[in-house]
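For the numbers below, each heavy atom of this structure counts, side chains included, while hydrogens, waters and symmetry mates do not.
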Amino acid sequence: MKKIQIINGPNLNLLGKREPTVYGNRSFDDYLATLKKSYPQCELSYFQSNIEGALIDKIQETGFSADGIILNAGGYTHTSVALHDAIKSVTTPVVEVHISNVHAREAFRHHSLISAACKGVIAGFGMESYRLALESFL
């Protein structure tokens, strides 16, 4: 059974409420239940924090034992050298995901400080970005 850790960063706890025209009207917990049902061959663990250090701690905690990490670092994508370094420090491959197409949004969202440390990047497919990332580990 593949062990996949999903990590969501700041403000993603508000999915379903926050800017529904950008992020949709479904909570992540609802989507996660669907994902778990669709992939019974995977052990999916979920963690969300608005705190950068907590995200780094979770990457370090699972980054040597999980088969994959799906990371939506939210706004930290564009600012965090520390997350980049944490990803580079572990052996588990990380896929960067974004619900929206960050390249069709504000210019400051066009650059990611974590992409170069990740196995790949998936953006713009709504919540399905997580499923596509999961498929990359299977």
pair Ile99-Ser129: side-chain heavy atoms closer than 4.5 Å: no

Close side-chain approach of Leu15 and Met127, heavy atoms under 4.5 Å: yes

Taking all heavy atoms of [X] and all of [Y], pick out the closest pair and write down the distance.
X	Y	value
Asn50	Gly9	OD1-O, 4.2 Å
His84	Ile114	N-CG2, 3.9 Å
Gly75	Pro10	N-CG, 4.1 Å
Ser136	Ala133	OG-O, 2.5 Å

Extract all donor-acceptor atom pairs below 3.5 Å that involve side chains of residues 66-74 and protein atoms in other chains or at least two apart in sequence.
unit_1, atom_1, unit_2, atom_2, d
Asp67, OD2, Lys3, N, 2.7
Asn72, OD1, Gly74, N, 3.0
Asn72, ND2, Tyr130, OH, 3.1

Calculate, to the nearest 0.5 Å, the distance between atoms [atom1] and [atom2] belonging to [X] and [Y] respectively.
X	Y	atom1	atom2	result
Phe47	Asn8	CZ	CG	10.5 Å
Leu32	Arg26	CG	CZ	10.0 Å
His78	Leu83	NE2	CG	11.5 Å
Gln48	Leu12	CD	CG	6.5 Å

Qualifying side chain to side chain donor-acceptor pair (under 3.5 Å) pairs, either residue in residues 116-125, two or more places apart: none

Ile87 with Val121, same ILVMFWY side-chain cluster at under 4.5 Å: no

Linked, directly or transitively: Phe137 and Val97 (ILVMFWY side chains, under 4.5 Å): yes

Can you list the residues that meet the side chain to side chain contact (heavy atoms under 4.5 Å, CB included) rule with [X], with sequence neighbours excluded?
X	result
Ser27	Asp29, Asp30
Thr79	Tyr76
Leu132	Ile122, Phe125

Side-chain polar contacts of residues 35-43 - donor-acceptor pairs under 3.5 angstrom, sequence neighbours left out - could you list them?
unit_1, atom_1, unit_2, atom_2, d
Ser38, OG, Thr34, O, 3.0
Tyr39, OH, Glu135, OE2, 2.4

Show the atom names and distances, to 0.1 Å, of all donor-acceptor pairs under 3.5 Å that link a side chain in residues 51-61 to residues at least two apart or in another chain.
unit_1, atom_1, unit_2, atom_2, d
Glu52, OE2, Ser80, OG, 2.4
Lys58, NZ, Glu61, OE2, 3.0

Side-chain cluster (under 4.5 Å, hydrophobic types only) that Leu14 belongs to, other residues: none

Salt bridge (charged side-chain N to carboxylate O under 4.0 Å, His left out) partners of residues 70-98, not counting sequence neighbours, each pair once: none

Partners passing side-chain hydrogen bond (donor to acceptor under 3.5 Å, both in side chains) against Glu128 (at least two apart in sequence or in another chain): Tyr31, Arg131

Counterpart residues, ring-ring contact (aromatic ring centres under 6.0 Å, His included), relative to Tyr46 (two or more places apart): Phe28

